[in-house]
Enquirer: 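Can you keep this structure in mind? I'll have questions shortly.
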Amino acid sequence: MSSLIPLKTSKREMALPSTSVPMSPFPLHLLPSSDPPYKLLQNHPSLSLLSKCRTVQTLKQVHSHIIKTGLHHTQFALSKLIEFCALSPFGDLPYALLLFESIDEPNQVIWNTMIRGFSLSSSPGLALEFYVKMIWSGIVPNSYTFPFVLKSCAKTASTQEGRQIHGQVLKLGLDSDAFVHTSLINMYAQNGELANARLVFDKSHLRDAVSYTALITGYVLIGYMENARKLFDEIPMRDVVSWNAMIAGYAQTGQREEALAFFEEMIRANVVPNESTLVSVLSACAQSGSLELGKWVRSWINEHGLGSNLHLANALIDMYSKCGYLDTAFDLFEGLQQRDVISWNVMIGGYTHRSYYKEALGLFRRMLRSNIEPSDVTFLSVLPACATLGALDLGKWIHAYIDKNFQNSTNVSLWTSLIDMYAKCGSIEAAQQVFNGMEHKNLASWNAMISGLAMHGVADKALELFSQMTGGGLKPDDITFVGVLSACTHAGLLGLGRQYFSSMVQDYAISPDLQHYGCMVNLLGRAGLFDEAEALIQNMEMKPDGAIWGSLLGACRVHKRVELGESVAQRLFELEPENPGPYVLLSNIYAGAGRWDDVARIRTLLNNKGMRKVPGCSSIEVDSVVHEFLVSDKVHPRCKEIYDMLNEVDTLLDKAGFVPDTSEVIRDMDEEWKEGALSHHSEKLAIAFGLISTKPGTTIRIVKNLRVCGNCHSATKLISKIFNREIIARDRNRFHHFKDGFCSCKDYW
DNA sequence: GTAGGGTTAG
């Protein structure tokens, strides 16, 4: 790199006078090529037209006008034209470049303008390239050049180049310029080199609110809010941006209360907030659910005539949706005069955040129909919705879109979301492919892949990945161990589970949380080691939750431990009085023991409490449309065909010698359940629909909200063989891959 | 003789 950025200090040759003499009503061309008097040019009508341009079309018209009047022979006019093209939101950087290349010997201002344009563009690295070219062409950079070049170094994380440019600043003695000085601090701060930023700051007497704030922002970036706070207290003259940096810093580091307290103090100090302030404050409100303050900010915005500000409208939509007021958020959204991609993103993200996944996908489809380009952030909200709903087709479409338009994205979360989506939609191979193709993986990427393999019951691969990851020097976190332990749980690997659990505590100093204990209780309970499971629960640092007792209760069902089941269920009744699950599970335990009187007693209990079993619901995506089925559902448009297929399935199952296992049915629960029992379970309806609506041999993927029942599990194994179909089912806990009469869970789930 | 630094929602 050292040879790439030369610094010539020799003076360039004078430009030759122009020889062409075009016709013009404004006889500027008669003047020599060194520009005519500044005043004459500054107020030239063609140039004042520029500021009125709103499209590239009119821009080109103004350009031709400039040519007609002969103004294009002056560097001043060209520089104004380039300035507009390179910097205005209505400009066109490639056009600026074209203009630039048509100039024989661009002057310093023109070079600086091009560098600035690039530094603000989506490829700020080009600013640095232009800077090098400028020096090679013999132009000496000045105090205007460096802020732009340093900005580009900050944006492209070019630390090496930044240091070199710092050297050149010193050589030219420009470090005493306030703008250059702050830009240096900012460059180091943005590149995480706080020591260097501090050095530049400390060595100089140039300390204004701007340079303080640049340094503060550096500390904010690495989450050192205390250092930021210290500096803030030192600033002799704080301005609104200094306050904003602190408020944004607290909001971004999750210290919402601090952010809001700073805002209130700012108001008390009579500093008038601006758009940035309010955006950060609304973000803090959104995070902490402070609807009241959010409403106050909204009225402040309206009182100050900022109601039509799009940034603020977007922040308000976000605030309302995160506070749970999705309807209000949507009314804001619908009422907007204009929406940008962020408006769509916050609204879609709001739906996902509040678990309204179907609404999120619906709005995403509307966004595409409205010809709005989605961004990577859009997909970070849409992919989890696909994952939850099992919308694999849409997920695949998004993957293709990302491959086409975000191929070079350095957003690791984007690819990680794809892994998660594929894993949760049942396509663990595709998840693995995305994972393998990732050049840069972070902890979350490994976690997503390990948990994905775990939920598919591919324990050996999950554990292999874990050793690969730790072998590569990456430190696992609590989430990694949830994946690892659940891999052991789903495969019934008790010994290994124990080993990983103690390794987590001893080798990685991670204290187990409820999820880790849940895995261990599950493993121990399923192995019939009830004493050990209970001892573990007794020794937990925290109060066991419903999931822990629930998993023990599940084990009681498997091992037919009626008495223990009764006492565990009792705890659950107290812990989660509104949850019908434990009642259903206990009645299953009674049913398994043939204690029908007790089954009836539970039924009465449930009825008296007005509780109902959560209805089983299965969905299947066919041609990008998600179809949902409840138990005994008769509302699907192809209902008749589905039930015909169901009859055929039952006949074939019967022929194959299938004996329904009724031990888990809650007998006589009520008429509705009786009718729906077994044959009309929602997963069977979804499978039947899959059989009639997809080509023979196509894999059928279904998603169920509850655990698959034993009877359906046995039936589905046989269906996969009879119809020669691979059936991939996601239940509440894990995946089952049914093929040739077998299931990947090896009947352990 | 044109211009320039620090804060902003998902």
Enquirer: Which part of the nucleic acid does A:Leu282 contact within heavy-atom distance under 4.0 Å: base, sugar-phosphate only, or nothing?
Expert: nothing
Enquirer: Give one of base, sugar-phosphate or nothing for A:Asp318, where a contact means two heavy atoms less than 4.0 Å apart.
Expert: sugar-phosphate
Enquirer: At 4.0 Å (heavy atoms only), tell me whether A:Ser79 reaches a base, stays on the sugar-phosphate, or touches nothing.
Expert: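 Base, at least one base atom sits under 4.0 Å.
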Enquirer: Quick one: does A:Met421's side chain get under 4.5 Å of A:Ile398's, heavy atoms only?
Expert: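 They are not in side-chain contact.
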Enquirer: So what does A:Val346 touch, heavy atoms closer than 4.0 Å: a base, only the sugar-phosphate, or nothing?
Expert: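 Result for A:Val346 = sugar-phosphate.
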Enquirer: Of all the nucleotides listed (B:dA9, B:dG5, B:dT7), which has the minimum atom distance to the side chain of A:His311?
Expert: B:dA9
Enquirer: Determine, for A:Arg198 against A:Glu193, whether the closest basic-nitrogen to carboxylate-oxygen distance falls under 4.0 angstrom.
Expert: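 So A:Arg198 does not pair with A:Glu193 through a salt bridge.
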Enquirer: Just call it for A:Tyr212: base, sugar-phosphate, or nothing, with non-hydrogen atoms closer than 4.0 Å on any strand.
Expert: nothing
Enquirer: So A:Thr277, base contact, sugar-phosphate only, or nothing? Heavy-atom distance under 4.0 Å.
Expert: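 No contact at all - A:Thr277 keeps every heavy atom at 4.0 Å or more from the nucleic acid.
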Enquirer: Answer with base, sugar-phosphate or nothing: what part of the nucleic acid does A:Gln287 contact at a heavy-atom distance below 4.0 Å?
Expert: nothing
Enquirer: Would you call A:Tyr144 stacked on B:dA3, i.e. ring centres under 5.5 Å apart with the planes less than 30° off parallel?
Expert: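 Here the ring of A:Tyr144 and the base of B:dA3 are stacked, with centres under 5.5 Å and planes under 30°.
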Enquirer: Counting any heavy atom closer than 4.0 Å, what does A:Ala286 reach on the DNA or RNA strands: base, sugar-phosphate only, or nothing?
Expert: nothing
Enquirer: Below 4.0 angstrom from OP1 or OP2 of B:dG6, is there any side-chain N or O of A:Lys151?
Expert: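 Yes, because at least one side-chain N or O of A:Lys151 sits under 4.0 Å from OP1 or OP2 of B:dG6.
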Enquirer: Are A:Glu83 and A:Lys80 close enough for a salt bridge, meaning some N to O gap below 4.0 Å?
Expert: yes
Enquirer: Should A:Asp340 and A:Ser343 be marked as a side-chain hydrogen bond (donor to acceptor under 3.5 Å, both in side chains) after you check the CA-CA gap, both sets of side-chain angles, and the distance that decides it?
Expert: CA-CA 5 Å; A:Asp340 63 3; A:Ser343 322; 2.8 Å; yes
